[in-house]
Amino acid sequence: MAAKPFYPPRRNRLLVRIAQWMLPWALRRYAGIMTVEIEASDLAVLRSLANERALFVANHPTLADPAIIFHVLGRAGVTAFTLSAWDTISQHGRLIEWILPRLGCYSVMRGRPDRASIRMTRDLLVRGERIILFPEGMTYGLNDLLLPFQQGTVQMAFHALDELRDSRPEAALFIAPLAIKYVYLDRMEPEIAASISRLEEKLGIASVESPPYTRLLGIAAAILTALEHEQNLGPMAGATFTDRIDRLRGTMVQRLADAFNISIPAGLSIPAVVQLLANTYDDAVLDAATEDGSEYEQTLHRQTIEAIRPLHATWLRLKNFLAVRDGYIDVLPTQERFLDVLGRLEIEVLGKSHISGRRRAVVKMGAPIDLRIRLVRYHASKRAVVDETTREIENVVLDMLSSMAAFTPPMASLSES
């Protein structure tokens with residue numbers, strides 16, 4: 001049976017109340033998140049938006065983020081719909097396909113002009129609703145960094161304001177930035193040591209008495225050598241570790257671009273390249289999965305999906321090495337950053353992450369932006385105002401993450417003997 005091209009929201013208020021009641025237990029049971037914390041002053045700001053048109057935008061490091069924001073809004077008495085990736089609803093079984101729309105989720109096909117989803121977003125905002133969305137477009141796995149925010153969020157908000165201009169020119173529409181940070185409740189050196197040992201054993205690396213970061217670099221070097229061999233890359237005389245990773249990245253990016261028959265814009269940052277390739281992969285799967293036709297055609301579509309799935313593994317490897325290359329740990333050796341990277345490397349080497357630990361989720365809220373005051377400038381220079389507002393929201397979220405650095409202090413034991 002072909003998947004639907006669009007999943008509209010079918011919110012059921014009783015089911016939403018049940019989900020809000022069960023969420024603390026579910027977060028503890030399935031994500032190890034023991035508490036969700038937000039300051040009373042931020043809750044008060046959220047409550048002030050309970051009857052306003054608003055987009056709640058947040059960073060998206062993990063799959064738990066939508067549940068965290070849903071829970072926080074519930075505590076503030078705020079109802080909201082959620083913009084969800086099409087594959088999140090369609091590719092995880094009939095129960096998920098049934099339940100998520102009834103919790104107020106509706107689908108968006110990432111990386112393409114999804115007219116049905118854009119229209120639904122505008123309709124919801126025009127009628128006075130609130131929407132949760134994640135402008136990075138995908139999970140990134142690094143708790144303290146962001147992918148570039150995509151501009152569609154702001155553009156849809158201005159489109160809704162335009163639609164309201166004739167009938168309700170005084171109508172407000174807010175964009176409310178939120179930041180989520182995950183903090184371990186216990187000292188995680190034993191879990192870090194266990195993860196390093198698992199990886200070393202699988203890779204055949206002899207365990208030595210060295211600082212965890214030194215051993216982590218040894219693991220990364222072994223994986224890098226294996227990937228160079230897989231990509232048919234020979235030795236580089238006098239090359240540094242960084243040089244080798246840059247070459248591997250470039251090779252993987254080009255091979256993915258060739259496989260998808262796309263061009264990578266010059267000067268695009270590596271995080272943005274990863275984002276672009278993820279959207280392109282999703283498009284390829286979607287095109288194969290949603291096509292109707294005869295039994296023969298359906299078989300062909302399934303074969304097409306299976307043929308392109310290995311490209312996802314290549315993309316994931318590209319994503320994994322962002323953390324190793326860009327100094328994510330050595331600039332701030334916290335246990336959270338260490339485990340972010342180890343989790344990625346376990347997925348690469350072991351097929352999944354075996355890391356576990358009790359965490360708390362801390363949520364901060366920035367000042368809501370009333371787009372009404374920018375509408376005149378928007379009409380004079382649409383692209384510039386959309387870009388300016390998008391970058392402003394992104395910087396607000398990044399600043400809030402930076403302000404929460406005190407929750408995750410560096411640990412000398414991770415980088416020193």
Problem set entry | Matching residue for L371 among V385, T389, L55 - test: side-chain contact (heavy atoms from CB on, under 4.5 Å) | T389
Exercise. Hey, are Y182 and D65 close enough side-chain-wise for a donor-acceptor pair under 3.5 Å?
Worked result: yes
Exercise. If we only count heavy atoms from C-beta on, is the R337 to D144 side-chain gap below 4.5 Å?
Worked result: yes
Problem set entry | Whether over 12 other heavy atoms sit under 6.0 Å from M236 CE | yes
For this session: Check for a donor-acceptor pair, side chain of R344 on one end and backbone N or O of D340 on the other, with a separation under 3.5 Å.
Result: no
For this session: Dump the intermediate steps for side chain to side chain contact (heavy atoms under 4.5 Å, CB included) on H354 and E346, then the final yes or no.
Result: CA-CA 7 Å; H354 299 268; E346 286 201 359; 3.6 Å; yes
Exercise. Y106 ring centre to R11 NZ or CZ under 6.0 Å, with the angle to the axis within 45°?
Worked result: no
Exercise. Any donor-acceptor pair under 3.5 Å linking the side chain of E37 with the backbone of R360?
Worked result: no
Problem set entry | Residues R255 and T314: side-chain donor-acceptor under 3.5 angstrom | no
Could you pull out all donor-acceptor pairs under 3.5 Å where a side-chain atom in residues 257-273 meets a protein atom, sequence neighbours excluded?
| from | atom 1 | to | atom 2 | distance (Å) |
| --- | --- | --- | --- | --- |
| D258 | OD1 | Q254 | NE2 | 2.9 |
| S269 | OG | A272 | N | 3.3 |

For this session: With the side chain counted from C-beta on, respond yes when I369 and R374 share a heavy-atom pair under 4.5 Å apart, and no when they do not.
Result: yes
Exercise. Do L178 and V57 touch side chain to side chain, with heavy atoms closer than 4.5 Å?
Worked result: no
Exercise. So, R244 and T225: side-chain donor and acceptor under 3.5 Å apart, yes or no?
Worked result: yes
Exercise. Quick one: does T62's side chain have a donor or acceptor within less than 3.5 Å of a partner on A64's backbone?
Worked result: yes
For this session: Answer whether the closest heavy-atom distance between the side chains of M138 and V274 falls below 4.5 Å.
Result: yes
Problem set entry | Under 3.5 Å: donor-acceptor pair, side chain of T88, backbone of S84 | no
Problem set entry | Q231 CD: over 12 foreign heavy atoms closer than 6.0 Å | yes
Problem set entry | Sub-4.5 Å side-chain heavy-atom contact between K181 and P61 | no
Exercise. Distance-only, no hydrogens or angles: does the Q20 side chain make a donor-acceptor pair with backbone N or O of F70 under 3.5 Å?
Worked result: yes
Exercise. Below 4.5 Å, heavy atoms only, C-beta onward: do P101 and P9 meet side chain to side chain?
Worked result: no
Exercise. Which residue pairs pass the ring-ring contact (aromatic ring centres under 6.0 Å, His included) test with at least one member in residues 357-383, sequence neighbours excluded?
Worked result: F158-Y378
Exercise. Roughly how far, to the nearest 0.5 Å, is the CZ atom of R317 from the CG atom of L256?
Worked result: 11.0 Å
Exercise. Would you call E228-R247 a salt bridge at under 4.0 Å N-O?
Worked result: yes
Output a table of donor-acceptor pairs, distance under 3.5 Å, between side-chain atoms of residues 74-83 and any protein atom two or more places apart or on a different chain; print 'none' if there are none.
| from | atom 1 | to | atom 2 | distance (Å) |
| --- | --- | --- | --- | --- |
| R75 | NH1 | V36 | O | 2.5 |
| T79 | OG1 | R130 | NH2 | 3.3 |

Exercise. Hey, mind stepping through Q150 and Q275 against side chain to side chain contact (heavy atoms under 4.5 Å, CB included) and telling me if it holds?
Worked result: CA-CA 10 Å; Q150 300 184 48; Q275 197 175 50; 3.6 Å; yes
Exercise. Is the backbone N or O of A31 less than 3.5 Å from a side-chain atom of R359, with the two atoms forming a donor-acceptor pair by type?
Worked result: yes
Problem set entry | Heavy-atom donor-acceptor pair, S117 side chain to S107 backbone, under 3.5 Å | yes
Exercise. Do the side chains of C105 and Y7 get nearer than 4.5 Å, heavy atoms only?
Worked result: no
Exercise. Does one side chain, of D387 or T390, offer a donor that lies under 3.5 Å from an acceptor on the other?
Worked result: no
Problem set entry | Side chain proximity check, H159 to Q155, heavy atoms < 4.5 angstrom | yes
Show me the donor-acceptor pairs, under 3.5 Å and distance only, between side chains in residues 211-220 and residues at least two apart or in other chains.
| from | atom 1 | to | atom 2 | distance (Å) |
| --- | --- | --- | --- | --- |
| R215 | NE | E200 | OE2 | 3.1 |
| R215 | NH2 | E200 | OE1 | 2.7 |
| R215 | NH2 | S207 | OG | 3.1 |

Exercise. Quick check: does any side chain N or O of S197 sit under 3.5 Å from a backbone N or O of A193, one acting as donor and the other as acceptor?
Worked result: yes
Name every donor-acceptor pair, under 3.5 Å, that has one atom in a side chain of residues 39-49 and the other anywhere in the protein, sequence neighbours excluded.
| from | atom 1 | to | atom 2 | distance (Å) |
| --- | --- | --- | --- | --- |
| D42 | OD2 | M365 | N | 3.2 |
| S48 | OG | V45 | O | 2.5 |

Exercise. Hey, is the main chain of R372 close enough, under 3.5 Å, to the side chain of D370 for a donor-acceptor pair?
Worked result: yes
Problem set entry | Any side-chain donor near an acceptor of the partner, E97 and S90, under 3.5 Å | no
Problem set entry | Contacts of type ring pair (Phe, Tyr, Trp, His ring centres under 6.0 Å), residue Y30, not counting sequence neighbours | W25
Exercise. Taking it one step at a time, do E394 and E136 satisfy side chain to side chain contact (heavy atoms under 4.5 Å, CB included)?
Worked result: CA-CA 9 Å; E394 181 182 327; E136 289 171 281; over 6 Å; no
For this session: Would you check, one step at a time, whether the test side chain to side chain contact (heavy atoms under 4.5 Å, CB included) holds for R28 with I33?
Result: CA-CA 5 Å; R28 290 192 298 270; I33 298 169; over 6 Å; no
